[in-house]
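Only this structure's heavy atoms are used, side chains among them; waters, hydrogens and symmetry mates stay out.
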Amino acid sequence: MTKKDGTNLSRRDFLRRLGVGAGSAMAMMALEPLSVLAREKEKETGPVTNRMTYRVQHGSGEQISLLGFGMMRLPDNQEQVDELVDYAIAHGVNYFDTAPMYMGGRSEVLTGNTLSRFPREKYHVATKMSNQNRRLWSYDESKRMYEQSFERLKVDYIDYYLLHSIGGGMDSLKGRFLDNGILDFLLKEREAGRIRHLGFSYHGDVRDFDWLLDRQDEYHWDFVQIQMNFLDWRHASIRQGRRHDADAEYLYGKLEKTGIQAVIMEPLRGGAFGRMASELTDQLKAVRPDDSTARWAFRWVGSYPNVLTTLSGMNRMEHLVDNVTTFSPLEACTEAENRLLADIADQMAGYPTIPCTTCAYCMPCPYGVDIPGNFAYYNEAVKEKILPLPERTAADYASRKQQFTEGYRKALTDQKSWAHSCQDCEECLSKCPQQIRIPNQMARIVETLRK
């Protein structure tokens, strides 16, 4: 496909799009029906007015909403999905991201059903080649997955198509996309117009990321999806302990230098920012008392001009309404606010948490271990200062040990799901986007329970 030349927004245009302020967060109304919640918001704001912040896609000139709708964890109910998407589109959201593996294929079906009710120009849909399983590496199996996405999404072209989860090492990259000819096929599909924009999502080994970007003259990537938030900006590789991992600062910087726009995933780090220790959130509240940590995180990501869109998994109306408000329009972080978030990130990096985003790609475990559940409880114990346990001689050792054990049993009621059921089979390792050494972390939890 012949690619049109594009230029970055000027600083003046960028600042104009960001606007001067964003409304205060809407009160949480988790028990209200979705339609009632949406109507209540309309009472506050009056008729629907689209004030969404947009970015220009460099190759096509398309206006893409800076808030993108991540469809990975939708309610498995078409009517509820329709209500969420109706509100999103009415308020300017036009980028919807799904994948064949999300919800076992249901996400693509639900997404296709809901978006097909709108004129095609109203939305941009992104999906992926999710052939991580070795049995799907053949050309025929991968092509079948690609064609199935068209059927499920009810479209005759896909706006944004990704090689899903690059970073498993060069053997995986070659087996999934190069040696089987599937990347050549996708490049031809882009040339034919059935793919409008081709890119990849990255997790893991940065050598794969570098290899693909260093061949930009050959592949002409239109966008790349990366994990980026104010913690991973400079602490991803340190926290995750991987020799060949890279901080988001490096990933974003290389994309910007290469002239490729970034799509951002995990801006809230799997919800971890909503569970920050109180001494950290208090520092944010002192500056902006009405803003949630989620709003801080979104504002930080959106302040970077080479970000095309920022994905948020919004399966509840109150989250959607609050996020739309944050981006309508987005208020960029000041230099002082950026310094504050950098300082908080430095403080957070000292907490010995497990970098799990609860994506559940590692599940199911063949031995029944609830991997995300174990990690979620462990991280909660760190946040609540139950962990690390003091020395046995400390006065509060016994009480904190009992508190950890009792909390663990309440969080994971089925003993088969406990960490001690892990058999170190390593089936989960290749599935984890964060490259967590899962058996090692399970052993860490077991040891804590035994202390």
Side-chain angles (χ1 to χ4, degrees), residues 14 18 22 25 53 55 66-68 70 201-203 206 224-242 245-256 261-314 319 322-323 325-327 330-359 379 382-383 433-434:
F14 172 60
L18 290 178
T53 303
R55 293 281 163 83
L66 189 51
L67 173 62
S201 64
Y202 162 75
H203 305 267
V206 74
V224 173
Q225 188 167 306
I226 60 171
Q227 178 170 316
M228 178 171 143
N229 50 68
F230 66 82
L231 178 58
D232 286 331
W233 185 246
R234 289 181 177 169
H235 293 291
S237 57
I238 295 174
R239 287 173 56 80
Q240 297 177 21
R242 302 198 297 270
D245 193 22
D247 294 327
E249 182 180 31
Y250 172 82
L251 303 175
Y252 178 87
K254 182 156 186 173
L255 288 174
E256 191 170 44
Q261 288 170 294
V263 171
I264 304 305
M265 56 185 164
E266 301 294 352
L268 306 184
R269 215 173 196 278
F273 294 151
R275 302 186 296 272
M276 285 167 54
S278 58
E279 61 263 32
L280 301 181
T281 58
D282 287 348
Q283 297 175 54
L284 299 178
K285 291 293 184 184
V287 178
R288 297 174 72 100
D290 295 332
D291 281 9
S292 64
T293 52
R295 181 164 293 190
W296 275 92
F298 282 127
R299 289 180 56 236
W300 182 89
V301 168
S303 299
Y304 285 85
N306 197 48
V307 170
L308 178 63
T309 190
T310 305
L311 301 178
S312 177
M314 300 175 285
H319 296 159
D322 190 47
N323 292 351
T325 302
T326 298
F327 285 89
L330 182 87
E331 182 181 358
C333 285
T334 65
E335 290 186 11
E337 289 171 338
N338 282 330
R339 287 195 298 269
L340 173 59
L341 289 171
D343 182 59
I344 287 176
D346 290 341
Q347 296 175 62
M348 290 180 71
Y351 289 94
T353 54
I354 300 169
C356 174
T357 64
T358 66
C359 69
N379 288 339
V382 172
K383 188 200 84 167
Q434 305 302 327

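Scored by the side chain to side chain donor-acceptor pair (under 3.5 Å) test, Y252 finds no partners at all (sequence neighbours excluded). Residues passing the side chain to side chain donor-acceptor pair (under 3.5 Å) test with S312, sequence neighbours excluded: N323. Partners of E256 according to the salt bridge (charged side-chain N to carboxylate O under 4.0 Å, His left out) rule, which considers only residues two or more places apart in sequence or in another chain, do not exist here.
Between P267 and V301 the shortest heavy-atom distance is CB-CG2, 4.1 Å. Across all their heavy atoms, G270 and T358 have their closest contact at O-OG1, 4.2 Å. Contact between A345 and L231 at its shortest, heavy atoms only, is O-CD1, 3.5 Å. In terms of heavy-atom proximity, M228 sits nearest to V307 at CE-CG2, 4.3 Å. Contact record, S303 with C333: OG-N, 2.9 Å, taken as the closest heavy-atom pair.
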Worksheet item: Would M265 and H203 count as a side-chain contact (heavy atoms from CB on, under 4.5 Å) if you check the C-alpha gap in whole Å, the side-chain angles of each, and the deciding distance to 0.1 Å?
Response: CA-CA 11 Å; M265 56 185 164; H203 305 267; 3.3 Å; yes
Discussion item. side-chain contact (heavy atoms from CB on, under 4.5 Å) for L268 and F298? Distances and angles first, verdict last.
Written reply: CA-CA 8 Å; L268 306 184; F298 282 127; 4.0 Å; yes
Worksheet item: What's the verdict on side-chain hydrogen bond (donor to acceptor under 3.5 Å, both in side chains) for Q347 and Q283, showing C-alpha distance, side-chain angles and the deciding distance?
Response: CA-CA 12 Å; Q347 296 175 62; Q283 297 175 54; 3.3 Å; yes
Item to complete: Tell me, with the steps shown, if I264 and T309 meet side-chain contact (heavy atoms from CB on, under 4.5 Å).
Response: CA-CA 6 Å; I264 304 305; T309 190; over 6 Å; no
Practice prompt. Would you sort out whether R295 and D290 count as a side-chain contact (heavy atoms from CB on, under 4.5 Å), showing the intermediate values?
Written response: CA-CA 10 Å; R295 181 164 293 190; D290 295 332; over 6 Å; no
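When ring centroids are compared, F273 and W300 stay outside the 6.0 Å threshold.
Counting only heavy atoms from C-beta outward, the side chains of H235 and D346 approach each other to under 4.5 Å. Side-chain contact between R288 and E337 is present, with at least one heavy-atom pair separated by less than 4.5 Å.
Looking at R299, its side chain does come within 3.5 Å of a backbone N or O of E331 through a donor-acceptor pair. No side-chain donor-acceptor contact under 3.5 Å links D247 to the backbone of E249. One N or O on the side chain of T53 and one on the backbone of F327 form a donor-acceptor pair closer than 3.5 Å. Remark: the backbone N or O of D232 is not paired with any side-chain donor or acceptor of R269 at under 3.5 angstrom. Here the side chain of K285 pairs no donor or acceptor atom with the backbone of L280 at under 3.5 angstrom.
In this structure, NE2 on H319 lies 8.0 Å from CG on D322, to the nearest 0.5 angstrom. From L308, atom CG reaches atom CZ of R55 across 8.5 Å, with rounding to the nearest 0.5 Å. Atom-to-atom distance recorded for R275:CZ and T293:OG1 is 10.0 Å, nearest 0.5 angstrom. To the nearest 0.5 Å, atoms OG (S201) and CD (Q227) are separated by 11.0 Å.
A side-chain contact (heavy atoms from CB on, under 4.5 Å) with W296 holds for exactly one of T281, T326, L284, I344; it is L284.
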